[in-house]
Amino acid sequence: MPSRTSKVVRLISTGWTSLAKTTKSPVELMEEALTSATKSIGIGFNDIGGLIAVPSLADPHFMEAHYVATHMGILPAKNVVVRTVDTGGAGPVTALLAAKRMVEYEGVDCVAVVAGDAVRQLSGEEFLKRADQTCYHPASGLPSPVIPSGYDRVARYQMDKYGVSRAELAACSAVMSIMASQHPLAMTKVPRTIEEVLASPPVASVTNLLECARRADGGAALLVASPRFLERKGIPSSTGSVIIGGGEASGPLYPPQLDQINEDMFSCEQATKIAYQEANVSVRDIDFFGLYDCYPVCLIRAVEAVGLADQGEGGRYILSKYHELVANPEKRPQDILPINTHGGLLAFGAPWEVPAMYNIIEAFHQITNTAGTRQIPNVRRALVYGNGGIFSHSAVAILGNGI
Ligand code: CAA
């Protein structure tokens, strides 16, 4: 019988690139990020026994993980297994949970998770052409831009059903910009107000430009390993954080017509419930939340799903936090709101399927006490949530400090 400690799977290192517009390809960004993750822990690509990649929009490849592993020289090799996972923006969290399972049940000792994209490189027109195709279905009735229009439809549902106000939606973007302005790598350097968000160009009926995920280039990598691997490489057994639980659930590719939307299309609640159960924790045990926020309604529903606000109260929760942040400039933002201390998709930056990596990396920094000026005191556990498509997939993972 394997002992309980042999089942402990750790996220041992992370790496990333700048988010600035670049001429590098997605696979080059993934390689740069993975090089940074391996170097910082003192291992090489030849120590990697498994690789999971999420696909890119700017330069997609058949069997992305095989393409990436071949490009990086990880393949050919004996006893290396690679997989592509595609759950859209939930991909990095799905991949983190898949890496955990590879270590637990498939005998792989060290798994790399990589994601990278270069959607800022694409012209606005080309980006839209590709993005529109991803969630398009003739029955959806969603006009271009399809993704903002889909989230806009859900935002209107949330307004009609729960009385969410336009200011509450805009507050999500303003709050994320306050968080991002503390992070050296964030694209958004200056906080914005609700008024500025509401004055930005309209993209759909209740969605303005500053309420859209911020298009970016960037790569990120994670390393997930077994205790045996750490011992073999002489790496301290307490390195990084423990992946203590996770859950996933799916919704439709696109939202039904407005008058037909109901709670059945959403999956974050179910994914979170499974994750809490597996980790044997509740919302009170979580000290940092990395929540997907591609559009305001996604963040509003996420704070409800994880239990920070009651159902229907997420908008009021975020707006009250905005007022508290603005009224108390002497306080550190993370002492008011333990969510997305990096600024999320709305303000940190969103290279297509990469951004949930940043939720995981920020959680890693918070748990390992390396978040610098953004540090939340005594983080024992963190929750990360990735969302794919238009509420089409939810993946939630819980990380712990192992104590
Ligand atoms: N904060 C600050 N600035 C922003 C911003 C934000 N959130 N969003 C856009 N901007 C800025 C851009 O940086 C740009 O400024 P610069 O020219 O100075 O760089 C300016 O606003 C115009 O932006 P675009 O060039 O993107 O404008 P466009 O007219 O070509 O397109 C748009 C507008 C259709 C809204 C496009 O920006 C868009 O589609 N954005 C949303 C991207 C998106 O949906 N990503 C996926 C989210 S869903 C998800 O993550 C799930 C999944 O499965 C992938």
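Please read these numbers as outputs of a predicted model, since none were measured by experiment. Just follow the structure's listing: the first ligand is 1, and inside any ligand the first atom is 1.
Nearest to atom 31 (O) of ligand 1 among the protein's heavy atoms is Leu209 CD1, 5.0 Å. Ranking the protein heavy atoms by distance from atom 34 (C) of ligand 1 puts Leu128 CD1, 3.8 Å first. Remark: minimum distance from atom 5 (C) of ligand 1 to any protein heavy atom is reached at Arg214 CG, 3.8 Å. Looking from atom 43 (C) of ligand 1 to the surrounding protein, the closest heavy atom is Tyr295 OH, 3.5 Å.
Ligand 1 has no N or O atom lying under 3.5 Å from any N or O atom of Glu211, backbone or side chain. Below 3.5 Å of separation, one finds an N or O of Leu346 facing an N or O of ligand 1. Residue Arg215 has at least one N or O atom closer than 3.5 Å to an N or O atom of ligand 1. Residue contacts with ligand 1: Cys294 is placed with no nitrogen or oxygen under 3.5 Å of a nitrogen or oxygen of the ligand (distance criterion only).
The residue from Glu126, Lys21, Arg120 that puts a heavy atom closest to atom 16 (P) of ligand 1 is Arg120. Taking only non-hydrogen atoms, the option from Phe127, Tyr292, Trp352 nearest to atom 51 (C) of ligand 1 is Tyr292.
Between Tyr254 and Tyr136, the distance separating the two ring centers is not shorter than 6.0 angstrom.
Residue contact annotation: Ala131 has no non-hydrogen atom under 4.0 Å from ligand 1. Using a 4.0 Å heavy-atom cutoff, Asn387 is listed among the residues neighbouring ligand 1. Using a 4.0 Å heavy-atom cutoff, Arg192 is listed among the residues neighbouring ligand 1. At least one heavy atom of Leu345 sits closer than 4.0 Å to an atom of ligand 1.
The residues Arg156 and Asp160 are annotated as not salt-bridged, no charged nitrogen and carboxylate oxygen being separated by less than 4.0 angstrom. Checked for salt-bridge contact, Glu125 and Lys129 miss the test: no charged N lies under 4.0 Å from a carboxylate O. Salt bridge status for Glu31 with Lys24: absent, with no side-chain N to carboxylate O gap under 4.0 Å. Contact check on Asp109 versus Arg228 returns a salt bridge, with a Lys/Arg side-chain nitrogen under 4.0 Å from an Asp/Glu carboxylate oxygen.
If you check the side chains of Ser237 and Glu231, you find no donor sitting under 3.5 Å from an acceptor. Residues Asp132 and Ser144 bring a donor and an acceptor atom of their side chains to less than 3.5 Å of each other.
Because its NZ or CZ atom is not both nearer than 6.0 Å to the ring centre of Phe348 and within 45° of the ring axis, Arg214 does not count as a cation-pi partner of that residue. Taking the centre and axis of the six-membered ring of Phe288, the NZ or CZ atom of Arg381 falls outside the cone set by 45° and 6.0 Å.
The one candidate from His183, Gln334, Glu362, His365 that meets the side-chain hydrogen bond (donor to acceptor under 3.5 Å, both in side chains) condition with Thr341 is Glu362.
For ligand 1, the atoms sitting less than 4.0 Å from at least one non-hydrogen atom of Ala213 are 40 (N), 41 (C), 42 (C), 45 (N), 47 (C), numbered in the order shown with element in parentheses. With ligand atoms numbered from 1 in the order given, ligand 1 contributes 53 (O) to contacts under 4.0 Å with heavy atoms of Gly388. Remark: ligand 1 atoms within the under-4.0 Å shell around heavy atoms of Cys212 are 6 (C), 7 (N), 8 (N), 35 (C), 40 (N), 41 (C). Each of the following atoms of ligand 1 lies closer than 4.0 Å to a heavy atom of Ile147: 44 (O), 48 (S). Listed by number with element, the atoms of ligand 1 under 4.0 angstrom from any heavy atom of Gly389 are 51 (C), 52 (C), 53 (O).
Ser200 contributes a side-chain N or O that, together with a main-chain N or O of Leu210, makes up a donor-acceptor pair within less than 3.5 Å. Judged purely by atom type and a 3.5 angstrom limit, His137 has no side-chain atom pairing as donor or acceptor with the backbone of Cys135.
Of the heavy atoms in Ile390, none comes closer than 4.0 Å to ligand 1.
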